[in-house]
Amino acid sequence: MTHRHVNLFIVGGGINGAGIAADAAGRGLSVALCEMNDLANATSSSSSKLIHGGLRYLEHYEFRLVREALSEREVLLKNAPHLVTPMRFQMPHRPHLRPAWLIRLGLFLYDHIGKREMLPGSKGVKYGADSPLKQDISQGFEYSDCWVDDARLVVANAMSAREHGALIMTRTRCESAKRENGVWVIDVVHTETGESQRFTADGMVNAAGPWVSSFIESKLERKAPYSIRMIKGSHIVVPKLFEQSNAFIMQNADKRIVFAIPYRDQYTLIGTTDEEYRGDPKDVSISDAETDYILDVANQHFKTQLSKKDIVWTYSGVRPLLNDESSNASAVTRDYTLHVEDDHGKAPLLSIFGGKITTYRQLALSAMKDLKEYYPNMGKEWTHAHPLPGGDMSNDHQAFAQKLVQEFPFLTQAQAKRFTGSYGTQAYVLLGEATSVSDLGECFGQDLYQKEVDYLIEHEWARTAEDILWRRSKLGLEFTTEQCARLESYLKSELANDEILISEQIA
């Protein structure tokens, strides 16, 4: 069994694990991260795709969380302008649910409680005959938040970590971890090859998301310091429901809210549900009751009435939230708690309970602050002022896409737009020396060419068609069964060739 020593070993390749890996590696620590599946395989690819302060959290007096989240919108708009983009949200006013004065007060706080430089403030809106909303909804409120490609944000953080020397291991499960002589001894196994590897580490981070408590109990064989509540959030995707570019935030009588968000030009994303979940996180899926709930809320608001036959895709995720004894699932805090324990001042274990994608960078800062005493020589905070890979561009997507078309005239406008919103300046790495469409290789469908697939294998840890079609992109919405099978066949062939090459090099 091979052996390697690192300063910090991280379990979990979601947004929190990847964010901490990037932060720690950039401070000069040697870092290894293992993820039992693909990056962003669970909760981090199943969000509402929003970087937002959480307007409704104000009703639960979570002012610190809202302030932190609002300030993070600005940081991410600067550091990941390819993945995080401004979006206006309209809240149709339903007087029987919340009075107008309460909403105005909430929006005033929302505008002023956090740092806001790039985003416009809130205002009232009137709805006329051309509105997609039902005729009895005549007015509402509009404010700013942001859209995010959640899974790609995780990948970008993993790439940043790797740029700073971190080892990122996907499809690698942590089998056991124990303290010996003041360090962690960690055994991992690659889930596809069965190959085992041993690490020793000065410290360890448990960023296992929904598995945070079970990891402590099954792999570390000790009692978890906190219990978590798994709150399921489900979403549906339907054909485009309205033409305007803003999203809608819809209130419901049970105090929950549902978003309707423009999605990939031709769709609308609607969710979420916030329900208690007690099963295995890997088996989570939307229930008939959740589907009916989302459709009912949408149909209360929009003129275009939806039914189950309109649904083109659904997804569900489990948020691992700290159990704060709230009686209502939607009221459970979205804040995070970090727990550190050590052995006589050595071999710390930091476990993450809760959190949301918007505040992942702040969570990483808090984690590094908590670990500082164990790594007194670590560097200073740096992630606030450094773009993520691909993010060294302006936030004018149209201008950057046009630049790509000028420099690579064989690209279609649609390709350039997709490359801009997925890869940013990494599009230059992807395209390389290509001078014609033929240089892109085989087309698998929907403008997905061999060159892009090869880039995703080499630079972004992609291994399967699912990795590419549902996490690195959302092209799975348009791909046919035959196109999926052809892509899967190509990937198996390419990865088998890579393994043969590696074996020959080792020999």
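Numbers here are sequence positions counted from 1.
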Contacts of [X] that satisfy side chain to side chain contact (heavy atoms under 4.5 Å, CB included) - sequence neighbours left out:
X    : value
H82  : A80, M393
A25  : V31, H164, A166
N252 : D254, Y293, V297, Q300
S138 : none

Counting heavy atoms not belonging to E381, are there more than 12 under 6.0 Å from its CD?
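Yes.
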NZ (K417) with more than 12 external heavy atoms under 6.0 Å
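12 or below, so no.
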Evaluate salt bridge (charged side-chain N to carboxylate O under 4.0 Å, His left out) for R463 paired with D467, printing each intermediate quantity in order.
CA-CA 6 Å; R463 304 278 302 174; D467 296 350; over 6 Å; no
Can you confirm if the NZ or CZ of R162 lies within 45° of the ring axis of W461 and under 6.0 Å from the centre of its six-membered ring?
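Relative to the ring axis of W461, which defines the angle, R162 lies inside both limits.
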Nearest non-hydrogen partners of [X] and [Y], listed with the distance:
X    : Y    : result
E35  : G14  : OE1-N, 4.3 Å
A161 : I168 : CB-CD1, 4.1 Å
I137 : P92  : CG2-CB, 3.5 Å
L97  : A253 : CD2-CA, 3.5 Å

State whether the side chain of W382 and the backbone N or O of D23 hold a donor-acceptor pair below 3.5 Å, judged by distance alone.
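Present.
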Within the side chain of K474, is there an N or O that forms a donor-acceptor pair under 3.5 Å with the backbone of W470?
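Yes, because the side chain of K474 sits within donor-acceptor range (under 3.5 Å) of the backbone of W470.
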Qualifying salt bridge (charged side-chain N to carboxylate O under 4.0 Å, His left out) pairs with a residue from [range], counting only residues at least two apart or across chains:
range            : answer
residues 39-54   : K49-D150
residues 418-431 : R418-E452
residues 69-91   : E72-R361, R73-D145, K78-E117, R88-E142

Salt bridge check, D274 against R319: does any charged N sit closer than 4.0 Å to a carboxylate O?
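Counted as a salt bridge, because a side-chain N and a carboxylate O are separated by less than 4.0 Å.
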Please determine whether a side-chain nitrogen of the Lys or Arg among R264 and E478 lies less than 4.0 Å from a carboxylate oxygen of the Asp or Glu.
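E478 and R264: salt-bridged.
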Does the side chain of D396 pick up a donor-acceptor pair with the side chain of Q398 at under 3.5 Å?
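Side chains of D396 and Q398: no pair found under 3.5 Å.
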Taking atom types as modelled and ignoring hydrogens, do the side chains of D111 and S122 form a donor-acceptor contact shorter than 3.5 angstrom?
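Yes, because at least one side-chain N or O of D111 sits under 3.5 Å from a partner of the opposite role on S122.
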[atom1]/[X] to [atom2]/[Y] distance, rounded to the nearest 0.5 angstrom?
X    : Y    : atom1 : atom2 : answer
L133 : H93  : CG    : NE2   : 13.5 Å
H52  : I249 : NE2   : CD1   : 8.5 Å
Y57  : Y110 : OH    : OH    : 9.0 Å

Hey, does L350 have a side-chain heavy atom less than 4.5 Å from the side chain of N206?
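Result no, sub-4.5 Å side-chain heavy-atom pair not found.
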Y336 vs F353, ring pair (Phe, Tyr, Trp, His ring centres under 6.0 Å): CA-CA, chis, key distance, verdict:
CA-CA 6 Å; Y336 52 83; F353 297 84; over 10 Å; no
Donor-acceptor contacts, no H, no angles, side chain residues 233-241, under 3.5 Å, sequence neighbours left out:
unit_1: S234; atom_1: OG; unit_2: E290; atom_2: OE1; d: 3.2
unit_1: S234; atom_1: OG; unit_2: E290; atom_2: OE2; d: 2.9
unit_1: S234; atom_1: OG; unit_2: S316; atom_2: OG; d: 2.7
unit_1: H235; atom_1: NE2; unit_2: S48; atom_2: OG; d: 2.7
unit_1: K240; atom_1: NZ; unit_2: D265; atom_2: O; d: 3.3

Derivation of the side-chain hydrogen bond (donor to acceptor under 3.5 Å, both in side chains) call for D38 and T170:
CA-CA 6 Å; D38 181 31; T170 62; 5.3 Å; no
Step by step, would you call D149 with R471 a salt bridge (charged side-chain N to carboxylate O under 4.0 Å, His left out)?
CA-CA 9 Å; D149 188 327; R471 284 180 287 277; over 6 Å; no
Taking ring pair (Phe, Tyr, Trp, His ring centres under 6.0 Å) as the definition, give me every residue that meets it alongside Y263, ordered by chain and number, with sequence neighbours left out.
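Here the qualifying residues are W147.
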Can you name the residues that form a ring pair (Phe, Tyr, Trp, His ring centres under 6.0 Å) with F248, not counting sequence neighbours?
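Partners of F248 under the ring pair (Phe, Tyr, Trp, His ring centres under 6.0 Å) test: F242, F302.
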Can you name the residues that form a salt bridge (Lys or Arg N to Asp or Glu O under 4.0 Å) with R64, not counting sequence neighbours?
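Salt bridge (Lys or Arg N to Asp or Glu O under 4.0 Å) list for R64, sorted by chain: E68, D335.
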Mind telling me whether W313 and Y315 have parallel, tilted or perpendicular rings, with 30° and 60° as the class edges?
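The arrangement is tilted - the two ring planes meet at 30° to 60°.
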Residue pairs fulfilling ring pair (Phe, Tyr, Trp, His ring centres under 6.0 Å) with at least one residue in residues 112-138, sequence neighbours excluded
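Only F108-H112 qualify under ring pair (Phe, Tyr, Trp, His ring centres under 6.0 Å).
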